[in-house]
Amino acid sequence: MLNGYAEASQRDPEDYEMLAAMAMFWIALDDIEQARVWLARAEAIGAGQPVPMYTRVLLYEALEQYDQAGALAVNARARQMDDRHGTESSFRRAVAAHAMREGRWEDGLALYRPDLPWVFEDSLVFPDSAVDWIDDLIIIAALMKNRDPLSARPAELLDFAAANVDDYPPAAGLMTPDLRWAGIHAVRGEEGPAVEALQRFRDYGLFPYWRQGVIENPAVMSLYQNPDYQALLDDYRSFAEEERLRARELLGVDS
């Protein structure tokens, strides 16, 4: 993927979204040096555009600069930009992740109230459009459960998500249900099945967004202290290191 995008960027060097994608790939490989190089190229042309902005959020998260990541994601959503390649849902995830890390449950939930008012009604009625929000409903359930462990609403949202876990567009990829099950199980407090779902997700390969699904995912943050989860992260990092070395050799990047 890196090689193909690198070749394409030579043919269309003004495509800042493609340059930003290159930075995303390097972030997935834990290569911050190369990520910065490509993101700088993207921002030199398309600064303030959705994809470069989200890539900057990813870089901040990889550097564990979570305040900057959260602030930038909030700023991006406030600008109401075009939803480029799913950037809108990605910004929502980043805002919710920062709220989860900070224990600011209401701030995280506030970003969903305008779009999903029915989630917060006293009586929950799922509209037909609810299936389009499965991933967000799992995150909302995580925020709600942390805010009020005795609330019945998180379980209702998770039951709906579980019943519709296989409802997703083909472009999302076959690994989607496993990532969703990881979040559902984690929020339910079922750590073993949650880690097993992440392991199945891992078996599909190393994806550009693996960090956002496995580390920066608000729904699975309760797993951070689980030893099996930590072992899975070690596996990801080892795989990323192997692929990073291969990618640098393939692209002729000096070590």
Side-chain angles (χ1 to χ4, degrees), residues 1-9 17-35 37-39 42 51 54-55 57-59 61-64 84-87 89-90 93-94 97 134-135 138-139 161 165-186 191-221 223-224 226-253 255:
M1 189 180 293
L2 273 163
N3 192 53
Y5 270 67
E7 291 181 353
S9 68
E17 290 187 346
M18 189 157 51
L19 299 174
M22 284 290 291
M24 290 184 190
F25 302 155
W26 284 114
I27 291 170
L29 297 179
D30 290 332
D31 194 322
I32 301 303
E33 175 190 341
Q34 282 300 301
V37 169
W38 286 91
L39 182 54
V51 175
Y54 183 58
T55 306
V57 170
L58 298 185
L59 182 60
E61 288 181 333
L63 294 169
E64 298 185 1
R84 297 289 298 169
H85 309 292
T87 48
S89 63
S90 298
R93 178 212 55 82
I134 296 296
D135 301 295
I138 297 171
I139 292 174
V165 75
D166 292 322
D167 191 324
Y168 60 92
L174 293 174
M175 74 296 296
T176 300
D178 289 323
L179 190 58
R180 289 176 170 180
W181 277 120
I184 292 169
H185 286 307
E191 291 193 4
V195 174
E196 290 172 5
L198 289 178
Q199 289 169 337
R200 293 194 301 270
F201 178 76
R202 160 66 181 81
D203 289 341
Y204 279 97
L206 192 69
F207 296 99
Y209 57 83
W210 77 265
R211 297 180 61 90
Q212 286 60 60
V214 179
I215 300 177
E216 312 299 345
N217 180 353
V220 305
M221 288 182 174
L223 301 176
Y224 279 2
N226 183 289
D228 292 329
Y229 170 83
Q230 289 296 326
L232 178 66
L233 287 189
D234 290 340
D235 184 35
Y236 263 108
R237 288 165 178 146
S238 295
F239 193 11
E241 181 178 8
E242 294 172 6
E243 292 300 296
R244 179 170 65 253
L245 294 175
R246 291 180 59 193
R248 278 181 164 257
E249 180 179 1
L250 185 64
L251 272 68
V253 178
S255 300

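All residue numbers in this chain count up from 1 along the given sequence. Everything numeric here is computed off the predicted structure, so don't read it as measured data. Hydrogens, waters and symmetry mates are skipped; everything else that's a heavy atom, side chains included, is used.
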Check: Could you walk me through whether Tyr229 and Ile215 pass the side chain to side chain contact (heavy atoms under 4.5 Å, CB included) check?
Finding: CA-CA 10 Å; Tyr229 170 83; Ile215 300 177; 4.1 Å; yes
Next item on the list: Return the minimal non-hydrogen interatomic distance between Leu206 and Ala240, and the atom names on each side.
Entry: CD2-CA, 3.9 Å
Item checked: Where at least one partner belongs to residues 21-31, residue pairs that pass side-chain hydrogen bond (donor to acceptor under 3.5 Å, both in side chains), sequence neighbours excluded -> Asp30-Arg211, Asp31-Arg248
Item checked: Trace of the side chain to side chain contact (heavy atoms under 4.5 Å, CB included) decision for Val214 with Val220 -> CA-CA 7 Å; Val214 179; Val220 305; 5.9 Å; no
Note to self: How long is the straight-line distance from OH of Tyr236 back to CD of Gln199, given to the nearest 0.5 Å?
What the structure shows: 10.0 Å
Check: Taking only residues two or more places apart in sequence or in another chain, which ones pass side chain to side chain contact (heavy atoms under 4.5 Å, CB included) with Asn3?
Finding: Glu7, Leu250, Leu251
Next item on the list: Of all the heavy-atom pairs spanning Ala219 and Ala186, show the shortest one and how long it is.
Entry: O-CB, 3.3 Å
Next item on the list: List in chain and number order the residues that pass side chain to side chain contact (heavy atoms under 4.5 Å, CB included) with Ser90, two or more places apart in sequence or in another chain; answer none if no residue qualifies.
Entry: Tyr54
Checklist line | Which residues share a ring pair (Phe, Tyr, Trp, His ring centres under 6.0 Å) with Tyr204, sequence neighbours left out | finding: none
Check: Can you tell if the side chain of Leu2 reaches within under 4.5 Å of the side chain of Met22, non-hydrogen atoms only?
Finding: yes
Note to self: As an exercise, state the distance from CE of Met24 to CD of Gln212, rounded to the nearest 0.5 Å.
What the structure shows: 8.5 Å
Notebook entry, point to check: Which class fits the ring pair Phe25 and Tyr5: parallel under 30°, tilted 30 to 60°, perpendicular over 60°?
Noted result: perpendicular
Notebook entry, point to check: Does the pair Leu39 and Ile27 meet the rule for a side chain to side chain contact (heavy atoms under 4.5 Å, CB included), with working shown?
Noted result: CA-CA 10 Å; Leu39 182 54; Ile27 291 170; over 6 Å; no
Check: Between Arg246 and Glu249, is the closest basic N to carboxylate O distance under 4.0 Å?
Finding: no
Checklist line | side chain to side chain contact (heavy atoms under 4.5 Å, CB included) involving Glu242 - partner list, sequence neighbours excluded | finding: Phe239
Margin query: Ignoring hydrogens, what is the shortest heavy-atom contact between Ala35 and Ala23? Give both atom names and the distance.
Written below: O-CB, 3.5 Å
Margin query: I need the Glu33 CD to Trp38 CH2 distance, nearest 0.5 Å.
Written below: 13.5 Å
Can you give me every donor-acceptor pair (side chain of residues 165-185, partner residue at least two apart or in another chain, under 3.5 Å) with its distance?
unit_1 : atom_1 : unit_2 : atom_2 : d
Thr176 : OG1    : Ala172 : O      : 3.2
Thr176 : OG1    : Gly173 : O      : 2.8
Asp178 : OD1    : Arg200 : NE     : 2.8
Asp178 : OD1    : Arg200 : NH2    : 3.4
Arg180 : NE     : Asp135 : OD1    : 3.0
Arg180 : NH1    : Val165 : O      : 3.0
Arg180 : NH1    : Asp167 : O      : 3.0
Arg180 : NH2    : Asp135 : OD2    : 3.2
His185 : ND1    : Glu190 : OE1    : 2.5

Next item on the list: Test side chain to side chain contact (heavy atoms under 4.5 Å, CB included) on Leu232 and Asp228 and set out the steps.
Entry: CA-CA 6 Å; Leu232 178 66; Asp228 292 329; over 6 Å; no
Check: Is the backbone N or O of Ala28 less than 3.5 Å from a side-chain atom of Trp210, with the two atoms forming a donor-acceptor pair by type?
Finding: yes
Next item on the list: Mind listing the closest non-hydrogen atom pair of Thr87 and Arg84 along with its distance?
Entry: CG2-O, 2.8 Å
